[in-house]
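Every chain is numbered from 1, with letters handed out A, B, ... down the list of sequences.
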Number of protein chains: 2
Amino acid sequence: MDKLFQDRMETLLGARDIESCPVRDVLSRVSGKWSTLLLLALSDGPRRFSELKRFAPDISQRMLTKSLTDLRRDGYITRTVYPTQPPQVEYALTEAGHSFLEAWHGVVVWARDNRHLVHEARQRFDSEEGQDR
Amino acid sequence: MDKLFQDRMETLLGARDIESCPVRDVLSRVSGKWSTLLLLALSDGPRRFSELKRFAPDISQRMLTKSLTDLRRDGYITRTVYPTQPPQVEYALTEAGHSFLEAWHGVVVWARDNRHLVHEARQRFDSEEGQDR
DNA sequence: CCGAATCCCCGCGGATACTG
DNA sequence: CAGTATCCGCGGGGATTCGG
C-alpha cells in the first residue's frame, strides 16, 4: 500500500477511524432505513406529518417521528408547528438538505439502473455456493 | 401530495416499499459500517486481505471477512486465491464496483465538505433541546 | 495468512397503547 | 393530528478461539 495512495485517502476522507472520519460520521446518519425516502418525499416541497406517513407505506409512527427528529438534528430538514386545532406540523428541506439530495441523486439513479446487475450477481454467487472455496 | 409527484417518485424509485424498491434494495447492502471504506481501499488496484486489514484501523477480522463476502456476493469485488504457502488472497473491484464508486464519489465529497455544517446543526439542536417543543 | 465458528452485547426498528 | 412511552425481537458487529 503505497504512500501516495494513503495520501489521497487522507485528503478524501480526512481520517479512517470511525470517530474522526467526516464521511463515515455524516453518512452514518443518513443510512437509516427511512432517511433517503423521507428526504425524497420532501424534495418537492413541505409536507405534513400525515402526508409523510401516507407516502411511506410501511413505516411505523415511532420510526417516522424518530427519523424526522434525526434529520432535523443534522440540519437536513426543518419543523414548523402551526397552532391550529387540531395541530398541524410541516416539515421542509433546508438548503443543506437540498444540496445533500443533489449529491445523493447520483447514487439513487445508479441503484435504480443497476439493480438487475446486483441481482444477477447475487444469484450467481448463491448458486455457486461452496464449490469454489 | 399531487399525482405528478407520485409519478416522478415511481419513476425514480420503482416502488416505495422496502421489498420491491430497487434503490433501497441495492443500498441496504452497501450501508454497512465498512463497505464504503473497503471499496475505496480497492479503488487504486487489487489488495490482499492483510493489506485491507491494515488499511481499516479498527475492523475486526470477522467483519472484514463478512463485509468482503457481502460485497463479493453483490458483484462489487472479486476474490482470487493464489495457492502459495502461506496462502495469498487478493480482492479487486469489478466493473460494477468501479461504476458504483463513481456514483458514490459525489456523496463522499459532499460529506467531507459539509461536515462542519452538520456538526453545527447538531450542536445547535442539542443546546436548544426541550425549549421549543 | 486467511478464514470459520461460537458467544455475546447493543441499538435499530416494529407493535401497541396512551396524551394534548 | 401529531406525537410519547413501553416492551421486545432481530440482526449487525465485536472478541475470542480454532482450523487449513
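With rounding to whole Å, A:Met63 atom CE is found 17 Å from D:dA2 atom C1'. Atom pair B:Leu38:CG and D:dG13:P shows a separation of 11 Å (rounding to whole Å applied). Taking atom CG on B:Leu68 and atom C1' on C:dC1, their separation rounds to 14 Å, with Å as the unit. Between the CZ atom of A:Arg47 and the C1' atom of D:dA2 there is a distance of 18 Å, given to the nearest Å. The distance from atom CZ of B:Phe49 to atom C1' of D:dG20 is 15 Å, rounded to the nearest whole Å. The NZ-P distance, from A:Lys53 to D:dC1, rounds to 11 Å in whole Å. Per the geometry, NZ belonging to B:Lys66 stands 14 Å off P belonging to C:dA5, to the nearest Å. Between the P atom of D:dC1 and the CD atom of A:Glu51 lies a distance of 11 Å, rounded to the nearest Å.
Listed nucleotides D:dG3, D:dG14, D:dC1 differ in distance to B:Lys33; the shortest reach to its side chain belongs to D:dG14. Checking C:dC1, D:dG3, D:dC1 against every side-chain atom of B:Ser50, the shortest atom distance belongs to C:dC1. Ranking D:dA2, C:dC2, C:dG14 by closeness to the A:Trp34 side chain, first place goes to C:dG14.
A residue-by-residue look at B:Glu90 and A:Ser67 shows that B:Glu90 has its nearest nucleotide of DNA chain C further toward the 5' end. Of the residues near DNA chain D, B:Pro87 and A:Thr65, the one whose nearest nucleotide (by heavy atom distance) lies more toward the 5' end is A:Thr65.
Side-chain nitrogen and oxygen atoms of A:Arg62 include none within less than 4.0 Å of the OP1 or OP2 phosphate oxygen of D:dG3. In terms of phosphate contacts, A:Ser60 brings no side-chain nitrogen or oxygen within less than 4.0 Å of OP1 or OP2 of C:dT16.
Counting non-hydrogen atoms under 4.0 angstrom, A:Gln61 reaches a base of the nucleic acid. Within the 4.0 angstrom heavy-atom criterion, only backbone atoms of the sugar-phosphate kind lie near B:Tyr91; the bases stay farther away.
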Can you list the steps and then say if B:Asp74 with B:Asp70 is a side-chain contact (heavy atoms from CB on, under 4.5 Å)?
CA-CA 6 Å; B:Asp74 279 13; B:Asp70 289 349; over 6 Å; no
Please report the C-alpha distance between A:Val89 and A:Arg79 in whole Å, then the side-chain angles of each, then the deciding distance to 0.1 Å, and finally whether the side-chain contact (heavy atoms from CB on, under 4.5 Å) criterion is met.
CA-CA 7 Å; A:Val89 180; A:Arg79 173 179 180 266; 3.7 Å; yes
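Of all heavy-atom pairs between B:Asp126 and A:Arg73, the closest is OD2-NH2, 2.7 Å.
For the pair A:Arg16 and B:Phe55, the distance from NZ or CZ to the six-membered ring centre is under 6.0 Å and the angle to the ring normal is within 45 degrees.
Formation of a donor-acceptor pair under 3.5 Å by the B:Ser35 side chain with backbone atoms of B:Ser31 is not found in this model.
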